[in-house]
Amino acid sequence: MKITNVRLDVVRIPRNTGFVCEHGLVRIETDEGVTGVGEMSDFSHLPKYAVDARDLEATLRGALVGRDPMGLIGINQELKDLYPETMYYYEKGTFIRCGVDIALHDLAAKAAGINVSALLGGRVRERIKVCYPIFRSRTIEEVDANVEIVRRKLAAGFDVFRLYAGVNPDADELLLDRVRTEFGSRVTIKSLDYSHLLDWKKALRITKRLMPYGVELIESPAPRNDFEGLRHFRMAVDLPVSEHVWSFKQLHDMLRHDSVDIFNIALIFIGGFAAARKAAAAAEVAGKGVLIGTTQELGYGTAAQALFGASLTNLDAISDPTGPELYVDDVTTEKVRYENGWLHVPDASRPGLGVEIDWDKVERLKADSFAWGDQQVANLQDRTAAGTASGAGEARQDR
Ligand code: GAE
Ligand code: MG
Ligand code: MG
């Protein structure tokens with residue numbers, strides 16, 4: 001079997017916070033008529049420059065046409081030369097490698113008439129517990145709208161939340177207090193995520209203040225790549241600490257410094273199934289746990305994450321992928337299934353990823369290329385549209 005063509009589409013889809021995200025969908029076609037599809041999710045992160053979609057498509061064609069798609073280890077290796085690892089969380093080259101790797105797994109599994117799970121060695125679970133994100137309250141005024149999100153998502157079955165915190169601790173404390181008073185033990189706060197915005201000592205002060213409200217985990221409580229800061233923080237608090245994994249070098253540094261308890265692994269931030277499995281294996285060998293993180297993928301990318309999660313033997317914390325609940329539209333023919341806060345893994349009897357793309361929808365949601373608007377940095381960090389509190393958008397557009 002040979003790859004004959006590569007096609008790339010860009011879609012723009014708003015979230016219920018009003019923030020618009022751009023995603024790439026890559027199709028790898030073959031001379032045997034089997035096509036693999038991959039998602040390059042959420043390019044709408046810093047750094048604020050855009051990838052030229054037509055140029056990317058041409059580069060991928062040049063790299064992949066004529067190749068045997070079954071040779072995915074070798075192809076992944078070569079793609080690392082084209083899109084090298086950096087020590088940056090939102091490195092766009094990693095998103096590109098991830099989309100290609102997902103497409104190759106989909107293709108290989110479809111060609112063999114099996115589900116991707118069979119390629120990954122099977123499943124140890126059919127569903128993954130996830131939490132709904134509450135985007136950062138920068139002002140006290142935003143707290144009401146965030147409590148309202150908890151209220152409505154709890155009614156829809158999501159009983160675990162993660163809170164982006166640390167910029168306005170008064171607002172964080174008010175929110176936690178209101179959630180505890182109104183919902184008590186019906187709601188679990190899985191984590192406080194400081195998103196690398198604080199130094200570890202400041203993160204520690206705020207954590208000590210917020211911990212009494214009941215939190216299970218602290219995420220990213222130091223600047224990016226501050227491995228010692230993470231370790232100091234970890235030794236000073238009595239809660240597990242997690243950090244995202246964005247390169248093998250960074251993963252190795254975190255292991256060497258014993259920086260965290262839990263590695264937050266998402267296909268998109270490490271470069272697809274093959275890379276994510278290596279990262280999870282390294283964590284397991286070192287006696288560390290894993291949770292499935294997210295960039296907030298569309299339904300297709302979320303299905304890929306669910307398949308990855310289904311194969312893990314060290315999935316030790318509640319996971320994050322809830323993209324299909326955040327976006328006001330999607331590109332799959334069927335919605336990914338969430339029930340009582342559990343993400344269901346696509347049916348194991350379906351070939352490939354087990355999820356289909358509705359290409360008419362892609363056509364309707366399509367953009368010419370990736371492009372940036374004039375959003376402010378705080379909006380990019382907090383995933384809100386200009387001038388909108390996270391809750392205001394949610395109240396406006398939630399389905
Ligand atoms: O830090 C996180 O856990 C997030 O999921 C983070 O990566 C977000 O910015 C996410 C999003 O787009 O909401 O990528
Ligand atoms: Mg995080
Ligand atoms: Mg994202």
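Whatever order the structure lists ligands and atoms in, that order sets their numbers, starting from 1. Every heavy atom of this structure was used, including side-chain atoms; hydrogens, water molecules and symmetry mates were not. Values in this document were obtained by computation on a predicted structure and should not be read as measured data.
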Self-check item: the Mg ion (ligand 3) reached by Cys21 (N, O or S, under 2.8 Å)
Solution: no
Row for the Mg ion (ligand 3): angle OD2 (Asp42) to O (Thr295), 10° precision, value 90°
Practice prompt. State, without any angle test, whether Glu243 and His196 hold a side-chain donor-acceptor pair at a distance under 3.5 Å.
Written response: yes
The expected count of protein N/O/S atoms at less than 2.8 Å from the Mg ion (ligand 2) is 3
(message) For a quick check under 3.5 Å, do Thr30 and Glu32 share a side-chain donor-acceptor pair by atom type?
(response) no
What I want to check is whether the side chains of Arg27 and Thr35 have a donor and an acceptor closer together than 3.5 Å. no
Under a 3.5 Å cutoff, is there a donor and acceptor pairing between the side chains of Thr313 and Glu284? yes
Heavy-atom contacts under 4.0 Å to ligand 1, chain-then-number order, include exactly Arg15, Asp42, His45, Tyr89, Tyr90, Phe135, Arg162, Tyr164, Asp193, Glu219, His244, Phe269, Thr294, Thr295, Gln296, Arg383
Quiz item: Under the ring pair (Phe, Tyr, Trp, His ring centres under 6.0 Å) criterion, do His105 and Phe308 qualify, and how do the steps go?
Solution: CA-CA 11 Å; His105 276 81; Phe308 168 56; over 10 Å; no
Query raised in the report: Does the side chain of Tyr194 come under 3.5 Å of the side chain of Thr207 through a donor N or O and an acceptor N or O?
Result: yes
- Query: Under 3.5 Å, is there a donor-acceptor pair between the Thr4 and Glu29 side chains?
  - Reply: no
Checklist entry - Distance only, no hydrogens: is a donor on one side chain within 3.5 Å (strictly under) of an acceptor on the other, for Asn379 and Thr384? => result yes
Less than 3.5 Å apart, any donor N or O on the side chain of Ser191 or Asp193 sitting next to an acceptor on the other? no
>> Between Trp246 and Phe269, is the ring centroid distance below 6.0 Å?
In response: no
